[in-house]
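Here is the naming used below: chain letters follow the sequence lines, and residue numbers restart at 1 for every chain.
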Amino acid sequence: MLELRKVSTYYGNIQALHDIDLKVEEGEIITLIGANGAGKSTTLMSISGIVPPKRGEILFRGRPIHELSADRIVALGICQVPEGRHIFPDLTVAENLDMGAFLRRDRRGIARDLDYVYTLFPILRKRRNQPGGNLSGGEQQMLAISRALMARPRLLLLDEPSMGLAPLVTRQIFEIIRQINREQNTTIFLVEQNANLALKVADRGYVLETGRITIHDRAGALRANRDVQKAYLGI
Amino acid sequence: MISLKDIGKACIIALWFVALTFPLMVIKVNPIDRIIIWRWHNMLWVGLGSFLCYLAGRAWLMRREIRLRRIRQGLEAELPQRTPLSRRIIQDPVIHRPLLAAGALFFLIFPLLFSTYQTNIMITALMYVVLGLGLNIVVGVAGLLDLGYVAFYAVGAYAYALLNLHFGLGFWTVLPIGGLLAATFGILLGFPVLRLRGDYLAIVTLGFGEIIRLILENWNEFSHGPSGISNIPRPGFFGIQMSLDHSITYLYYLMIAMVVFTIFVVNRLQNSRIGRAWFALREDEIACQAMGIDKTRTKLTAFALGAFWAGMVGVIFAAKTTFVNPASFTFLESAIILCIVVLGGMGSIVGVIIAALVLILLPEYLRAFSEYRMLVFGAVLVIMMVFRPQGIIANIRKTYRIGID
Amino acid sequence: MDYFVELFFSGLTRGSIYALIALGYTMVYGIIGLINFAHGEIYMIGAFTALIVSTVLSIFGFPLPAIIILTALAAAIWASAYGYTVEKLAYRPLRNAPRLSPLISAIGMSMFLQNYVLLAQTPDFLPFPALIPDFDFMEPYAGFIGSSDMVILVTTTVIMILLTLLIKFTRTGKAMRATAQDRKMAMLVGINVDHVISVTFIIGSALAAIGGMLIASHIGQINFYIGFIAGIKAFTAAVLGGIGSIPGAVLGSFILGLTESFATGYVSSDYEDVFAFSLLVLILIFRPSGLLGKATIEKV
Amino acid sequence: MNLSAKLTVFFAAAILALTMAIPAMAGNDTIKIGVAGAHSGDLASYGLPTVKAAELVAADINAAGGINGKKVELLVEDDVCKPEVATNTATKLVSEGVNVVIGHICSGATKAALPIYRDANVIVMSPSATNPALTQSGDYPNFYRTIASDDAQARTEVDFAINGLGAKKIAVIHDKGDYGKGLAEFARKFIDESGKAKVVLFEGITPGAVDYSAIVQKIKRSGADAVIFGGYHPEASKIVTQMRKKRMKTVFISDDGVKDDTFIKVAGKYAEGVYATGPADVTANPVTREYREKYKKAYGDEPGAFFDNAVAAALALTNAIAKAGSTDPAAIARVLHTEDVATPFGMIHFDEHGDATGVGFTMYVVKDGKYVQVR
C-alpha cells in the first residue's frame with residue numbers, strides 16, 4: 001500500500017533520514033520504533049508532505065506522492081495524528097472534528113462517521129461544545145485520533161499516541177487503535193517510543209536508529225530479538 | 001534550456017503584471033480639468049520587463065534544479081559544502097590580514113585622496129556603521145526587535161544641542177553624557193516593555209520613537225519645536241579654530257576612532273559572558289531562564305548598551321550638522337538602521353559595516369537616479385530577503401572545539 | 001453635551017476608518033504572524049485606483065450610483081491583486097525564514113510601493129471627487145455628523161458583520177481559523193495553506209481598498225504617502241485590541257479613534273498622537289497581549 | 001603570486017583607480033552658481049521651479065557673453081529638504097568651489113547648511129526660506145533672501161483679521177511644522193500685542209491624519225470669528241472642507257503655503273471666500289512677464305512656486321557679481337546692500353539683515369475659483 005524507497009530527508013543541511021526503505025501492506029498495523037531523535041517523526045512528516053524528502057521516492061498504491069503538497073496527500077487518504085496532538089485550541093471539540101472532514105462533501109457520511117467516533121470515545125460527545133484547548137491530555141489524544149478518522153483515511157499515521165498519558169489511558173487508546181484497524185479496515189502506521197506496547201498491537205515492526213532502518217521483522221520476532229530487547233524493551 | 005512551457009508561463013506573468021499595473025501605470029487623470037492621459041507605452045515596458053525578468057530568473061533557477069534532480073536520482077554525488085568566498089576571507093588569516101591592512105590604510109588616507117564632500121559623506125556612512133553596530137546588539141545579538149532606535153539617537157543629538165545652548169558644555173563633555181543619557185532612556189523604556197513578546201515589543205518601541213519625536217516637535221519651551229536648534233559648535237580640538245575643511249577632516253578621524261572603538265567593544269562584548277547570554281536569549285528564552293540567566297537584566301543590558309551608541313552618534317550628528325530638528329528622527333531612519341543590521345547579517349560585525357557603507361554610500365552616488373533611489377532601495381530589501389536572508393555575511397559564532405572526535 | 005456627542009461621532013468615524021485597515025493587519029498577523037507593513041500601501045493603492053476609475057467613468061458620463069459601485073469594485077479587485085502579488089513575491093518565499101526576514105521584506109515592499117505610485121502618478125496631492133452626496137435627510141444633523149461620516153459608519157458595520165459571518169460559518173473561514181491556530185495541523189487535515197493565506201491577503205486588501213475609497217472621498221484628497229500614517233495608526237489599533245483577533249481589531253480601532261477625538265477636543269491636538277501611542281504602551285504593559293488578545297502560554 | 005599578495009595588489013589598484021576617477025577640478029574660468037533645494041521627493045514641486053529660474057537666467061547671461069567675460073555655470077544639488085542631507089549638499093557645493101548659492105528651499109535645510117557656507121565665506125540667497133531668525137538673528141551675515149519673512153506675513157494676516165474684518169476672537173491653528181508653527185507663533189504674538197482681539201484657541205494638527213473633525217468641532221466651540229492657519233494647502237483644504245460641511249461660516253485666513261491653485265482645485269466650492277497671504281501681485285511688472293513667458297516657451301506650462309523669487313535671486317546675484325567686477329564675497333555683499341536691481345518685484349536691494357526691500361505680502365481671497373487681491 002505504502003512504499004518508501006531510499007528516502008532521504010534533510011532539515012536545512014542536516015540529514016535526518018538516510019535511504020529509508022519501508023513497506024506497509026493493506027490492512028496491517030506496522031510500527032516504527034526507535035530512540036528520541038532517531039527520525040521517527042521525520043519519517044511521518046516526509047510521508048505527509050510537510051517535510052518533503054530530498055531524495056528517494058514514496059509510493060502510495062503504486063503512485064508517487066513525494067512531490068505532492070500536503071493537502072493532496074490527505075486527499076488521497078493518508079491522515080496523520082501528529083506528535084503532541086495539535087488540537088486547534090480555540091475551536092470546540094465538534095469544530096475540531098469538523099475540520100477533520102474538511103475535504104469531504106458527503107454530509108450524510110460525515111454524520112455517520114461523527115456518530116462512530118462518538119461511540120468510540122463517548123467522552124467527546126459530552127465535551128463537544130468545549131474548546132479543544134480545555135481538554136485533558138488523554139481526551140485531546142482521543143480527539144486527535146477521532147479528527148483523523150473523520151477524514152476516512154485508508155492509512156492512518158499515528159505519532160506517539162502514548163506520549164504523556166497515564167498507563168490506563170494509554171492502554172485504552174491502544175485498544176481503540178486495534179478496534180479501528182479491525183472495524184474500519186484502516187491500515188495503521190504507528191510510531192511509538194513505548195516499544196513494548198507498540199509491538200504488542202503491531203503485525204510488523206521496523207527499528208530506526210539515527211536515521212537508518214537497522215532491523216525489520218514480524219512484531220513477535222522483534223520482541224524476541226535480543227538486541228531489541230536490550231535497547232528498547234528494557235529486558 | 002528554456003522550454004516552450006516557460007515562455008508560455010512568462011507570457012501569463014507578463015499579462016498579469018500588465019493588468020495589475022494598468023490603472024496606475026497607464027492612466028493618469030486630472031480630476032479637476034477632467035482630462036485623461038493614456039500612457040500606453042508604459043504597458044509595453046511593464047509587459048516586456050516582467051517577461052524578461054521571469055525568463056532570466058527561470059534560467060538561473062534551472063541550473064540549480066537540474067543539479068538538484070541529478071542529486072535526487074543519485075547520478076551525482078552531493079557537492080561538498082563549499083565555503084563561500086566571504087567566509088573564507090574572514091576566516092583565513094592569510095587572506096584577511098593584508099585585506100584588513102589595505103582597508104585600514106584606505107580609510108586612513110581617505111581624506112587625503114578625496115574631496116571634503118566625499119569625506120563628509122563618508123562621515124555619515126561611518127555614523128551609520130556605529131548606529132548599525134549599536135542596534136546590532138539589540139536586534140542581531142539579543143533578538144529584540146526595536147523599531148524605535150532613532151529615539152535614542154535623538155536623545156543624544158538633543159542632549160548636545162540643549163546642554164550646549166543652556167550651559168555651554170562642549171562636545172567632549174557631552175559625548176559620554178549623551179551616551180549615558182540615551183542608555184538611561186533605554187533602561188527607562190526597557191523596564192516596563194521588555195516582558196512583551198517580540199512583535200508587541202516592536203510596536204511599543206515604534207510608538208516610543210514617535211512619542212519622543214512628537215514631544216520634541218511640540219514642546220517649544222524645551223526643544224525649540226520644529227524649527228530646531230542651530231549654531232551647534234563642531235567638536236573642538238584644544239581650542240584651535242579650524243576651517244571647514246579641517247574640521248571635517250578632524251571629524252572624519254574622530255569618527256574612524258569611534259568606529260574602531262565600537263568594533264573593539266562590541267566584539268569583546270559578543271564573546272563575553274553577557275554576549276553569550278544574549279545569543280542564548282535570542283535562541284531560546286525559556287531554556288535561558290532554566291539555566292539561571294536573569295532574563296530581564298540581560299535584556300536591559302542589551303537595550304541600554306544599544307542605546308548608548310545611538311546616543312553618542314547622536315551627539316556627533318548634532319556636531320556635524322550643527323543643527324538639529326525633529327524631522328531628522330523619523331521612523332524611516334529607524335527602518336534604515338534596521339535594514340543595515342539585517343542586510344549585514346544579524347549579529348555579524350563585518351556584515352553590518354559593509355551594509356552600512358553600501359546602504360548609505362550607494363544612494364549618495366546614485367543621485368543622478370535620485371527619483372528611483374527609494375524605489376530601488378525598497379526592491380533591494382525584498383530581493384535580499386528572498387534570495388539571501390542571512391544577510392551579506394552570515395554570522396559565525398566562535399566555535400569551541402572539545403577534544404572528542 | 002452637544003460637544004461631547006460631536007466628538008463622539010468624530011471619534012467613531014475615525015475609528016471605523018482605522019477598523020477597515022486594521023482588519024487586514026490583524027487577519028494577516030493571525031495567520032502568518034507577520035506585521036504586513038505594506039498593508040497601508042495597499043490601502044493607498046486602493047484609493048488611487050478609485051480616483052482613477054471614478055474620474056474615467058465620470059468623464060465617460062456614467063451615472064453616480066454606477067460610478068460608486070464600479071469604483072468600489074475596481075478598487076477592491078486591484079488592491080486584492082496587489083495584495084496577492086505582494087504576498088506571493090515578498091512573503092511566500094520567506095515562509096520558513098527567521099522571523100525578522102519577512103518583516104524587513106515588508107518594510108522594503110512598503111517603500112517600493114510608495115515610490116512606485118509616486119513615480120507612476122504624482123508626488124502632489126490630488127483632489128478626490130466627493131462620491132458621497134450630501135443627503136437631504138441628514139441636513140438637520142449636519143452639524144454633528146456629515147453624510148459621508150454616516151456612510152463610512154454604516155459601511156464599516158456591514159462589512160464587519162459580513163466578515164464575522166464569513167469567518168464563522170464558511171468553509172474558507174473555517175480553514176482560515178484552523179490555519180491561524182495551527183498551520184502544520186491545518187496542512188494535515190488537508191487544508192491548502194498557501195491558498196488560505198492568499199485568500200486572507202485578498203480579503204484584507206479588498207477591505208483596505210474600500211476604506212481607502214471611503215476616506216479619500218470623505219477627506220477629498222490623496223497622495224502617495226497617505227498609506228503610511230493611516231497604516232501605522234491602524235496597526236496600533238490592531239495591537240491595542242489584540243493582534244490576530246478580529247473583534248479586537250474593531251474594538252481597538254474604535255478606542256483609538258475615540259481617544260484621539262476626545263484628546264483633541266478636551267486636551268489638545270498637539271499631543272493627539274502622543275496620547276494614542278501612550279495608550280498603546282499603557283495597555284500593553286498591563287495587558288501584554290492587547291485587550292482581546294489571548295495570552296499565549298509559552299509551552300515549556 | 002599567492003592569494004594574499006594578489007589581493008593586496010588588487011586593493012592597491014582599486015584605490016588608485018578611485019583616485020584617478022575623481023574628476024579634475026575645472027578651471028577657474030566660469031562663475032559657479034550653486035542651486036540647492038528639494039529636487040526630488042514629495043517637496044520637489046517647491047524646489048524645481050527655482051532650478052528652472054536659475055537655468056533661464058543663466059542661459060540669458062551666457063547668450064550675452066557671460067558676466068565680465070566669464071560664463072555662468074550652474075551646480076544643481078538636491079537636498080530633499082532634509083537638514084542632514086543639506087549639510088552634505090552644502091559641503092559638496094563648497095568643495096566644488098561655488099561662488100554664490102541660490103537656495104536652499106526649506107528653512108530647516110537652509111539653517112543646517114548656512115554655517116557651512118558661512119565658514120567657507122559663500123554668499124547664499126534663498127527664494128523661499130522664510131524663517132525670521134535666518135536674517136534677524138544676525139548669525140548668518142552671508143545670507144540673503146528674496147522673500148519676506150514669516151513675521152511680515154503673520155503681521156499681514158493679523159492686521160487683516162483685526163482691522164480688515166474686525167475679528168474679536170481668533171483661533172490660531174498650525175500644522176506643527178517649522179513654517180506653519182513659526183507663523184502661528186508670530187500671529188499669536190501680534191494678536192496679543194494688538195489688544196483688540198483675543199486668541200481663543202492655539203493648537204497644532206497632525207498632518208496626514210485621516211480626519212480633522214475633532215479639531216473642527218473645537219474651533220466651532222471656541223466661538224472664533226476667524227481662523228488663522230499656518231501650514232500648507234493639503235491640510236488647509238481638509239480643514240476648510242470639514243468646517244463648511246459642518247455648516248460653519250468662520251472666516252479662514254491662511255498663508256503663502258495655501259495661496260496655491262492646487263488648494264482651490266482640491267477644496268473646490270468650499271475654497272470660496274478663503275483668505276490667503278501671498279507675495280504682491282507682480283504680473284504687471286515687465287521682468288516678471290518676460291521670465292514667465294520664457295518659462296512657458298521652454299517648458300510649456302505655468303511656472304510653479306517661488307519662481308518669481310528665484311528669478312529675483314538669480315538676477316540680484318548675477319548683477320552684484322557683474323557690478324562688483326569679481327567674485328569676492330565682500331564686494332558682492334557691498335553691491336547687494338547698496339545698488340538696486342530690476343527684478344520681478346521691482347527695483348530691490350537688501351537691508352542690513354539681508355532681507356530684500358520691497359518684497360512684501362498682500363492679502364488674496366478666493367473668488368469664483370480664483371485668487372484675487374483684496375483691495
For C:S217, enumerate each residue passing the side chain to side chain contact (heavy atoms under 4.5 Å, CB included) test, keeping only those at least two apart in sequence or located in another chain.
C:F128, C:L131, C:I132
Segment of B:F331 engaging chain C (4.5 angstrom heavy-atom cut-off)
side chain
Which region of B:W219, side chain (C-beta onward) or backbone (N, CA, C, O), has a non-hydrogen atom less than 4.5 Å from a non-hydrogen atom of chain C, or is it both or neither?
both
What part of B:F208 is in contact with chain C, defined as an atom under 4.5 angstrom from a non-hydrogen atom: side chain, backbone, both or neither?
neither
Kindly list each side-chain donor-acceptor pair under 3.5 angstrom involving residues 138-151 of chain B, sequence neighbours excluded, with atom names and distances?
{"unit_1": "B:D146", "atom_1": "OD1", "unit_2": "B:G148", "atom_2": "N", "d": "2.8"}
{"unit_1": "B:D146", "atom_1": "OD1", "unit_2": "B:Y149", "atom_2": "N", "d": "3.4"}
{"unit_1": "B:Y149", "atom_1": "OH", "unit_2": "B:L135", "atom_2": "N", "d": "3.3"}
{"unit_1": "B:Y149", "atom_1": "OH", "unit_2": "B:G306", "atom_2": "O", "d": "2.6"}

Going by residue number, which parts of residues 42-49 of chain C are within reach of chain B, meaning a heavy-atom gap below 4.5 Å?
C:I45, C:F48, C:T49
Under 3.5 Å, is there a donor-acceptor pair between the C:Y18 and C:E260 side chains?
yes
Part of C:S54 lying under 4.5 Å from any heavy atom of chain B
neither
Which ring-ring contact (aromatic ring centres under 6.0 Å, His included) pairs, counting each pair once, include a residue from residues 89-114 of chain C, with sequence neighbours left out?
C:Y91-C:F201
Which bit of B:R39 comes within less than 4.5 Å of chain C, counting heavy atoms only: side chain, backbone, both or neither?
side chain
Can you tell me which portion of B:A379 sits under 4.5 Å from chain C's heavy atoms? Options are side chain, backbone, both or neither.
both
Engaged part of C:F275 at the chain B interface, taking heavy atoms whose separation is under 4.5 Å:
neither
Give, as side chain, backbone, both or neither, the part of B:I383 having an atom under 4.5 angstrom from any heavy atom of chain C.
neither
